[in-house]
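Just follow the structure's listing: the first ligand is 1, and inside any ligand the first atom is 1.
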Amino acid sequence: MTTRTSDTEQPGLPQARLLVVVAVAPEAEAVLRGLGDDARPLPLPGGVLHRAERAGITIDVLAAGVGPAAAAAGAATALALHRYDLVVSAGIAGGFAPHAPIGSVVVADAIVAADLGAETPEGFADVTALGFGTVRQTPPPAAALAAAGALRAAGLSVATGAVLTVSTVTGSAGRAAELAARHPGAAAEAMEGFGVAEAAARHGLPALEVRAVSNAVGPRDRSAWRIGEALAALTGAFAALPYPELLKEVHRG
Ligand SMILES: O=C(O)c1cccc(C(=O)CC[C@H]2O[C@@H](n3cnc4c(=O)[nH]cnc43)[C@H](O)[C@@H]2O)c1
């Protein structure tokens with residue numbers, strides 16, 4: 001039988017738990033460095049969770065793979081096997097100019113599936129406009145605000161706005177302009193947030209998205225990606241997030 005409690009949990013005194021879902025191992029390592037690097041591995045079907053403790057809170061980090069499907073499958077697996085209070089999608093991202101320059105950290109105020117829909121003669125129609133499904137998950141506003149405030153207080157360059165989830169990395173100015181026009185004020189583009197947030201929603205849990213910007217959304221220029229800089233910003237963000245406050249806001253909401 002599957003159990004949803006951990007070996008660290010006291011009966012009658014459930015420990016607060018957070019699940020962080022990233023795409024690839026270097027992102028998981030960056031997050032874990034921010035948490036203090038004392039994580040231990042726990043097997044999970046199709047992957048490995050790395051469990052850290054911070055401020056009395058259990059934080060599990062999972063590298064679930066690139067793209068919304070892998071992210072949703074990984075998150076759903078962890079959520080089925082363990083109890084969590086909050087889920088965070090994290091990693092590197094493309095930033096929309098001028099809101100989110102390279103090296104900045106983006107805290108999502110909306111997590112939007114930006115290419116889930118159909119092309120029509122009148123242009124793109126998302127699945128909500130087509131009459132089924134949703135393309136937007138909204139992080140708890142107070143928790144997102146608390147996260148952004150703490151990151152700013154720690155000296156990080158922080159932007160807030162929608163983080164778009166796409167299945168194809170934008171590689172042209174035309175596509176960047178089209179996305180920006182459809183989602184005014186969008187701060188970043190990545191490939192996993194909506195999958196993670198959908199999995200969380202199925203379990204009745206809130207989700208945040210925290211991204212460090214490695215490149216500008218626009219014409220493809222691999223030489224301009226600053227992955228090391230973004231991973232360092234991700235480490236800084238996970239060292240500075242106010243975990244007890246986030247969980248308090250989530251439980252209050
Ligand atoms: O274009 C390339 O050659 C290339 C080289 C290395 C990595 C990639 C990726 O597509 C990584 C995708 C991975 O990183 C996130 N990410 C980072 N920047 C963006 C972006 O501008 N648009 C979408 N996703 C981005 C994403 O969440 C994936 O996990 C490409």
Practice task
Calculate, to the nearest 0.5 Å, the distance between atoms CG and CZ belonging to Asp115 and Arg182 respectively.
Solution key: 8.0 Å
If you look at each N/O of ligand 1, which protein N/O atoms lie under 3.5 Å away, and at what distance?
from     : atom 1 : to     : atom 2 : distance (Å)
ligand 1 : 1 (O)  : Arg220 : NE     : 2.9
ligand 1 : 1 (O)  : Arg220 : NH2    : 2.8
ligand 1 : 3 (O)  : Arg220 : NH2    : 2.5
ligand 1 : 3 (O)  : Arg222 : NE     : 3.4
ligand 1 : 18 (N) : Gly94  : N      : 3.2
ligand 1 : 18 (N) : Asn215 : OD1    : 2.8
ligand 1 : 21 (O) : Gly94  : N      : 3.4
ligand 1 : 21 (O) : Asn215 : ND2    : 2.8
ligand 1 : 22 (N) : Glu189 : OE2    : 2.6
ligand 1 : 27 (O) : Met191 : N      : 3.0
ligand 1 : 27 (O) : Glu192 : OE1    : 2.6
ligand 1 : 27 (O) : Glu192 : OE2    : 3.4
ligand 1 : 27 (O) : Arg211 : NH1    : 3.4
ligand 1 : 29 (O) : Glu192 : OE1    : 3.3
ligand 1 : 29 (O) : Glu192 : OE2    : 2.7

Exercise for the section: State the CG-CZ distance between Leu35 and Arg54, to the nearest 0.5 angstrom. Expected result: 6.0 Å
Problem - From Asn215 atom CG to Ile102 atom CD1, the distance as rounded to the nearest 0.5 Å - result: 6.5 Å
Exercise for the section: For the residue pair Ile111 and Pro139, establish whether any side-chain heavy-atom pair is separated by less than 4.5 Å. Expected result: yes
Practice task
Any chance you could measure Glu189, atom CD, to His183, atom NE2, to the nearest 0.5 Å?
Solution key: 10.0 Å
Practice task
Let me know which of Val61, Leu86, Asp60, Val87 forms a side-chain contact (heavy atoms from CB on, under 4.5 Å) with Leu18.
Solution key: Leu86
